[in-house]
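So the structure is just underneath, and the comments pick up after that.
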Amino acid sequence: MTWTAMLGPTLLLATAVVLPGTVVLRLLGVRGVLALGGGPAVSVAVYAVLAIVANLAGIAWAWPPVLAGWVLVAVVAAVLGRWARGCLGALAEPSPRGRTASLLALTFVVAAALLAVPIAVGMGSPGALHQHWDSVFHANGVQAIRDTGNASTLGAMAPLFGDIGPRFYYPAAWHGLVALVPASVAVAANASTFVLGVLAWLLGMGALGRVVLRTWTGAGLTLVVAAGFGAFPAVILATLAQWPFGAAIALVPGALALLIAGTRGAHGRGRVVAVLAVAVAVGGVVLAHGSGLFSFLLVAGPYVVVAAVRWGRTQWSGGRRRAVLALAVGSGLVLLAALVVVLTSPTVQNMLRFERNVNAFYPVTAYRTLTDLPLAVPFVGNLPIAALTILGVLAVLRSPARREQLRWLVVAWGVVIAMVALAAGPENPLRMLAGFWYTQSARIAAVYPVVAAPLGALGLLAAAAWLRARLREGRLPRLAPLGARPLPTVAALLAGIVVVATAGWYAPAKAGRFAEAYEPGRIAWGTMLSEEEIALVRRLETTTPPDSVILGDPHNGAPFAYSVAHRRAALPQLGTSGMSESQAVLADRFFALGEDPAVCDAVRDLGVTHFYLDTATVADGAKVSPSAPGLQRLPATGVEEVDSGGTATLYRVTGCGQG
C-alpha cells in the first residue's frame with residue numbers, strides 16, 4: 001500500500017477534526033489562530049456528546065446524524081456570537097496578515113514535517129499494524145463501533161469485555177471519530193496519528209505560543225521547539241499506543257490558549273461566551289480521555305491560581321473585601337465537592353489503585369524529563385531543548401514584567417517535572433497524586449512540552465538578544481551584519497541552526513520509536529505478528545465464513561482477526577479484566593478439547609469456530625501470554641488445519657459438534 005492511499009482518509013479526518021470546531025468558534029466570535037488552535041478540542045467534545053445522544057436515541061453512528069448534529073450546534077453558536085459581538089476581548093484578535101502570515105504558515109509546515117516525516121518512516125506503510133498492547137484494544141474498539149453503530153463513551157467498548165454491563169464507561173471519542181473514516185481500521189487509526197499528533201497538536205501549540213508570549217515570533221518559535229520533543233507524540237502514540245490519551249494531550253494546548261485569551265478583555269456578554277467556549281474545549285480534552293482533565297489542570301491550574309490571586313488582591317485593595325471572601329469560600333466549597341465526586345468515582349479509584357513498582361532517583365527523572373532523554377542521544381539527551389527551556393525560565397525570573405505575566409508558566413513547568421518524578425520515584429504519600437495518570441511517568445511527561453515549548457521559544461529569543469548585543473559591540477566582526485538584523489530574524493537563524501545540528505530534533509530516534517511499534521521483528525516487548533502471519537490474518541476474509549469466531553492467545557496476534565479481517569475474536573484484547581467464565585476456561589485449558597466437557601461448553605457459549613496457534617516463543621522474539629496456557633498448544637483431537645503462515649497455523653474447531 002502506497003502513502004497516496006492514506007491521503008484521502010487523512011484529509012477527511014483532518015477536516016472532521018479541525019474544521020467543525022473552528023467554524024463553531026468563529027461563529028461564537030473567536031478569531032485567528034485561537035479558533036484554529038481550539039477548534040479540534042471543540043470538535044472532539046461535540047462528536048463525543050453526539051455519540052452519547054445518538055445511542056440514547058437509538059440512532060446508529062454515521063455521517064448523516066453527525067452532520068445534522070453539527071448544523072444544530074452551528075446555529076446555536078451563530079446566535080450566541082451575534083449576542084456577544086464586540087465583547088470577547090483577546091479571543092477576537094484578528095489573524096496575522098501579509099508577510100507575517102506567510103512566515104507563520106511556513107514555520108508550521110516545517111514543524112509539521114519535523115514530526116510527520118519520522119512518523120511515516122517508522123510506520124513503514126499506511127496500513128501497517130501497530131503491535132503494542134493498547135493498540136490491539138483500540139483498533140478492535142473501532143471495529144466494534146462499526147459493527148454495533150454505538151460510539152457512546154457509555155458503552156461502545158462493552159463488546160470487548162466479557163462480563164460487563166452495557167453502560168460500561170470507556171472514553172470512546174477517538175474510536176468514534178476513526179470509525180467514521182471509510183478505510184481499513186489500520187489506515188484510519190494511523191491517519192489519526194498524523195492528524196492528532198501533528199496537525200491538532202501544532203495548531204494548539206501555535207495558538208498557545210501566541211497568547212503566552214504575545215508575539216507572532218513567539219508563536220512561530222513555539223512551533224519549532226514543540227517539534228523537537230519526543231515525549232509527545234512519539235512516546236504516547238508509538239511506544240505506549242495510547243491513541244485516546246494522546247488525543248487528549250494533543251487538545252490540551254489549544255484549550256489552554258482559549259482559557260488564557262478568555263481572561264483578557266472579555267466583558268459583559270462576552271464573558272458568558274468565553275466561559276462556554278473554554279468549557280466546551282476542556283470538555284473535549286476530558287471526553288477524549290479522563291486523564292485529560294488532570295493533564296489540563298496540571299498546566300492550567302497555576303495560571304488560574306495566579307490570575308485569581310491577582311484579581312483578589314486588586315479587589316481587596318479596592319475595598320470589596322466581603323466579595324473576595326465570599327468568592328474564596330464559595331470556590332473552596334465547590335473545589336472540595338468536586339474533589340469528593342472525583343475521588344469517589346469507581347473509574348478514578350481504579351486509576352489510583354493501579355500499581356507500578358518504579359523507584360527511580362528523583363534527580364535522574366528530572367534530568368530525563370528536561371532533556372527528553374528517551375528519544376535523544378543515549379545518556380545525554382536533547383541538551384538544546386533543556387538549555388533553551390532553562391534560558392526561558394531565567395528570562396522570566398530576571399525580568400519584572402515577564403515575572404508578572406509568566407510566573408504561572410514557570411510554576412507549571414516545575415509542577416510537571418515534580419509530578420513526573422513522583423510517578424517514577426519510590427513510594428510515598430504524595431505519589432498517590434500520580435495515580436490520575438495510572439502512576440505512569442511517561443503519561444505525565446507527555447504534558448511537559450505544553451509548558452516547556454513556550455519557555456524554549458522565550459529562551460531562543462533571549463539567546464538571540466544576547467548574540468545580537470555582542471555582535472553590535474563589535475565582537476565576531478565577520479558576523480557583524482547579523483547584529484543589524486531584527487531580533488526575530490536572529491532568533492529564526494538560531495532555531496534553524498539548532499534544528500540542523502540535532503538532525504531535525506533527533507528525527508531518527510523518533511522514527512526508531514515508531515518502527516519499534518510497527519515493524520515486525522523490531523517490536524518492543526515482542527512481535528505479535530510477523531509479515532507472513534499478517535498475511536495469514538488478512539486471508540481470514542477468504543478462508544473463514546463471515547460469522548466465524550477466532551480463538552487464540554491474545555498476545556500472539558489472534559485478536560487482530562477482528563480489526564483486520566472483520567472476524568470476531570473470542571479474546572479481543574490482551575488484558576484479562578472483565579473476562580467471562582467461558583473466556584477464562586478456554587484461556588486456561590482449551591488444549592483439553594475433547595477431554596474436558598467444560599471446554600466444549602465454553603466453545604459453544606462463545607461460538608468459537610476456529611483456533612489460531614502460534615508456536616513462536618519469547619526466545620524467538622514473539623509475544624506470549626503468561627495467562628493463557630490453554631492456548632499455547634494444540635488439542636489432541638477436534639481440530640483441522642485450514643491455513644498457515646510463518647509460525648502460525650489456523651485450525652477449524654470440529655470437536656464440539658460444529659463440524
Side-chain angles (χ1 to χ4, degrees), residues 14-15 17-44 77 81 88-112 114-115 195-227 250-266 270 273-274 277-278 280-282 284-285 299-300 303 405-406 409 449-451 453-458 460-461 488 491-492 495:
T15 302
V17 168
V18 177
L19 183 61
T22 300
V23 169
V24 165
L25 285 175
R26 287 189 63 84
L27 290 173
L28 286 173
V30 181
R31 294 288 183 265
V33 296
L34 281 170
L36 277 171
V42 172
S43 291
V44 170
L88 288 176
L91 284 171
E93 179 187 62
S95 304
R97 297 184 181 278
R99 186 169 181 268
T100 300
S102 299
L103 289 174
L104 191 61
L106 177 61
T107 304
F108 182 90
V109 170
V110 170
L114 291 174
L115 288 176
V195 172
L196 293 165
V198 178
L199 180 61
W201 166 249
L202 289 180
L203 287 174
M205 289 305 303
L208 182 62
R210 170 59 181 170
V211 299
V212 168
L213 303 182
R214 306 193 185 210
T215 65
W216 292 116
T217 300
L221 293 177
T222 299
L223 288 172
V224 174
V225 177
L251 304 177
V252 166
L256 181 58
L258 285 176
L259 170 66
I260 296 171
T263 61
R264 295 178 183 169
V273 173
V278 173
V280 174
V282 174
V285 174
V299 293
Y303 176 81
Q405 292 179 2
L406 297 177
L409 187 62
V450 176
V451 289
L455 285 170
L458 188 58
L460 267 172
L461 287 169

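Every heavy atom of this structure was used, including side-chain atoms; hydrogens, water molecules and symmetry mates were not. Only a predicted model underlies this, so the values are computations on that prediction, with no experimental measurement involved.
- Here the OG1 atom belonging to T107 is positioned 11.0 Å from the CG atom belonging to L202, to the nearest 0.5 angstrom.
- Heavy-atom minimum distance, A250 versus L196: CB-O, 3.2 Å.
- Across all non-hydrogen atoms, the minimal contact from P454 to P449 is CD-O, 4.0 Å.
- Taken to the nearest 0.5 Å, the CG atom of L28 stands 9.5 Å off from the CG atom of L91.
- Residues L460 and L221 approach most closely at CD1-CD2, 4.0 Å, considering heavy atoms.
- In terms of heavy atoms, V44 sits closest to G284 at CG1-O, 3.6 Å.
- By the 4.5 Å heavy-atom criterion applied to side chains, L251 and W201 are not counted as neighbours.
- Under the side chain to side chain contact (heavy atoms under 4.5 Å, CB included) test applied with M205, the options T222, V225, V224 reduce to a single match, T222.
- Atoms CG and CG, on L223 and L203 in that order, are 8.5 Å from each other to the nearest 0.5 Å.
- The two residues A227 and L115 come nearest to each other via the heavy atoms O-CD2, 3.7 Å.
- At least one side-chain heavy atom of V18 sits under 4.5 Å from a side-chain heavy atom of L199.
- If you take CG on L461 and CG on L213, they are separated by 7.0 Å, rounding to the nearest 0.5 Å.
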Could you give the side-chain donor-acceptor pairs of residues 252-264 under 3.5 Å, partners two or more places apart or in another chain?
| residue | atom | partner | partner atom | Å |
| --- | --- | --- | --- | --- |
| T263 | OG1 | I260 | O | 2.7 |
| T263 | OG1 | Y303 | OH | 2.5 |
| R264 | NH1 | V211 | O | 2.7 |
| R264 | NH2 | V211 | O | 3.0 |

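- In this structure, V30 and V24 have side chains that are not in contact, with every pair of non-hydrogen atoms separated by 4.5 Å or more.
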Identify every side-chain donor-acceptor pair in residues 98-105 under 3.5 Å, counting partners at least two apart or on other chains, and give the distances.
| residue | atom | partner | partner atom | Å |
| --- | --- | --- | --- | --- |
| S102 | OG | G98 | O | 3.3 |

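- Inter-residue side-chain proximity for L36 and F108 is flagged as unmet; no heavy-atom pair is nearer than 4.5 Å.
- A274 and A266 get closest at one heavy-atom pair: CB-CB, 4.3 Å.
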